[in-house]
Every structure is written in structure tokens, then in C-alpha cells.
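Here the structure comes first, spelled out in C-alpha cells, and everything after it is commentary.
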Amino acid sequence: MESEFFVFALVLAIVLCALVSGLLFGFAVVVMAGIAKLPNKDFLLAFKHMDGIIQNKQPIFMLVWVGSILTVLASVILGTMDLSGQEALLLWIGGGWYLLGVQLPTVAFNIPLNDTIQTLEINKLNELELANSRVNFEAKWNRWNRIRTINGIIAVTIFLWLLFLL
């Protein structure tokens, strides 16, 4: 029998991971596609301003993002004590998929790319420097964001499947 704490942690993890995945999806299909149409300087400034809100630790964003990590970890810990067999395996796969497929690329690739944009003095760059900065950023960031988005959706699906089986 699953503990109420585990089920609560799992449901909260599903909600928070779905919110993170939705944010990544929104960036993948709307935000980045929208600012892609901007000239280099405007593109870099727009991204820098959006990321600046996150970098300044916007409280709701931080609650959702960090909360998704903590509730996944709590679910895995609590579920390991309660579950066995296929259910335990799904829990571990879902948790690993989210942490390694969403959070690891964020830390290893997207945040360093974001930090590079944050250090740019965009208004002081010439056209060639603006173009190079964008080329070194945009395709890589979008590729890793698509990977994070797909992995987030897969992880949430696994968690939902587990919840259905309980």
C-alpha cells in the first residue's frame, strides 16, 4: 500500500514537471520561433531580457523549477520504500528521465549559453559581433531545449502511467 506522502509527492511532481515541460514547450514552439524573426541585436536583447527575469530568481519560476526537482527526488525516495516490481521501475525510470533528460541538459548546456548572453554588452557590439554571438547561441540553445522538452513530456507521461497503475 502506497503512503499518502508518496502519492502526494508524486502528484505534486507531475504537476510541477508538467509546468516545466510546458514552459520548455512554449519556448520551443512560440517564444524562440517568434524572436527568431528579429534582427540579431533585437533577438539577443529579447533573449537577454527574458532570461534576466529567470536569472534574477523570479520567485514563482524558482518555486516551480526547483520544486520539480525536489518533488521528483521525494517521490523516488518515498516510492522506493512503498513500491516494488513494475511500479518501482516506472518510478525510477521517470525520475531518472526527468533529472537526466531535463535538468542535466539545462545545467550542462542551456544555462552556460544563457550566461554567455548575459555577459554580452549587446549595445556595444558591431554587426559582425552580433551575428557571431547569435550563431554561437541560437541553434545550440534550441537543440538542447527541444531535447529537454521531449524528455520532460516523456517523464511526465511515465509518472502519469505510474499514477494510473497505483
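As a basis for the values below, the full set of heavy atoms in this structure was taken, side chains included, without hydrogen atoms, waters or symmetry mates. Residue indices begin at 1 and follow the sequence shown.
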Taking all heavy atoms of [X] and all of [Y], pick out the closest pair and write down the distance.
| X | Y | answer |
| --- | --- | --- |
| Ala36 | Glu138 | CB-OE2, 3.6 Å |
| Ala28 | Thr149 | CB-OG1, 4.2 Å |
| Gly95 | Val76 | CA-CG2, 4.2 Å |
| Val102 | Leu24 | CG1-CD1, 3.9 Å |

(message) Using the ring centroid of each side chain, check whether Tyr98 and Phe159 are separated by less than 6.0 Å.
(response) no

Are [X] and [Y] in one and the same hydrophobic cluster, where Ile, Leu, Val, Met, Phe, Trp and Tyr link if side-chain heavy atoms are under 4.5 Å apart?
| X | Y | value |
| --- | --- | --- |
| Leu100 | Ile150 | no |
| Ile153 | Val31 | no |
| Val156 | Leu165 | yes |
| Val29 | Ile154 | no |
| Leu104 | Ile158 | no |

(message) Closer than 3.5 angstrom, by distance alone: can the side chain of Lys48 be matched with the main-chain N or O of Ile122 as a donor-acceptor pair?
(response)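 Answer holds: no.
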
(message) I'd like to know if the side chain of Glu121 reaches the main chain of Lys124, judged simply by a donor and an acceptor atom lying under 3.5 Å from each other, with no hydrogens or angles considered.
(response)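 A pair under 3.5 Å: no.
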
Distance (rounded to the nearest 0.5 Å) between [X] [atom1] and [Y] [atom2]:
| X | Y | atom1 | atom2 | value |
| --- | --- | --- | --- | --- |
| Leu44 | Leu38 | CG | CG | 10.0 Å |
| Ile111 | Gln103 | CD1 | CD | 8.0 Å |
| Thr71 | Ile14 | OG1 | CD1 | 9.5 Å |
| Ile53 | Ile60 | CD1 | CD1 | 12.0 Å |
| Lys140 | Thr116 | NZ | OG1 | 8.5 Å |
| Cys17 | Leu10 | SG | CG | 9.5 Å |

(request) Report the C-alpha distance between Met32 and Phe43 in whole Å, list the side-chain angles of each, state the deciding distance to 0.1 Å, and finish with yes or no for side-chain contact (heavy atoms from CB on, under 4.5 Å). (result) CA-CA 9 Å; Met32 296 305 284; Phe43 170 88; 3.9 Å; yes

(message) Please check if the number of heavy atoms outside Trp65 that lie under 6.0 Å from its CH2 is greater than 12.
(response)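 Yes - once you tally the heavy atoms of other residues, nucleotides and ligands closer than 6.0 Å, there are more than 12.
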
(request) Count the heavy atoms belonging to other residues, nucleotides or ligands that lie under 6.0 Å from CZ of Phe25, then report whether that count exceeds 12. (result)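 Result for CZ/Phe25: open.
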
(message) Parallel, tilted or perpendicular, judged at 30° and 60°: which one describes the rings of Phe109 and Trp144?
(response)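 Answer is parallel, since the angle falls under 30°.
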
(message) According to side-chain contact (heavy atoms from CB on, under 4.5 Å), who are the partners of Ala74, at least two apart in sequence or on a separate chain?
(response)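 With sequence neighbours excluded, Ala74 shows a side-chain contact (heavy atoms from CB on, under 4.5 Å) to Ala9, given in chain and number order.
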
(request) Applying side-chain contact (heavy atoms from CB on, under 4.5 Å), name anything that partners Phe8, two or more places apart in sequence or on another chain. (result) Leu12

(request) Verify the distance criterion only: is there a donor paired with an acceptor across the side chains of Gln55 and Asn114 at less than 3.5 Å? (result)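 No, no side-chain donor-acceptor contact under 3.5 Å.
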
(message) Under the criterion side-chain hydrogen bond (donor to acceptor under 3.5 Å, both in side chains), I'd like the reasoning laid out for Arg148 against Asn151: C-alpha separation, chi angles, the key distance, then a yes or no.
(response) CA-CA 5 Å; Arg148 297 183 306 166; Asn151 286 330; over 6 Å; no

(request) Would you check, one step at a time, whether the test side-chain contact (heavy atoms from CB on, under 4.5 Å) holds for Leu120 with Ile117? (result) CA-CA 5 Å; Leu120 291 178; Ile117 298 299; 4.0 Å; yes

(message) Just so I know, are the side chains of Asn123 and Leu45 near enough to count as touching, which here means a heavy-atom distance under 4.5 Å?
(response)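 A side-chain contact under 4.5 Å exists here.
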
(request) Kindly indicate whether the side chain of Val72, heavy atoms from C-beta on, has any atom under 4.5 Å from the side chain of Leu99. (result) yes

In residues 83-91, what donor-acceptor pairs under 3.5 Å come from side-chain atoms, sequence neighbours left out?
none

(message) Apply side-chain contact (heavy atoms from CB on, under 4.5 Å) to residues Met50 and Ile54 and explain how you reach the verdict.
(response) CA-CA 7 Å; Met50 286 183 288; Ile54 295 168; over 6 Å; no

(request) Give a yes/no verdict on a cation-pi contact between Arg134 and Trp141, requiring under 6.0 Å between NZ or CZ and the six-membered ring centre and an angle within 45° of the axis. (result) no

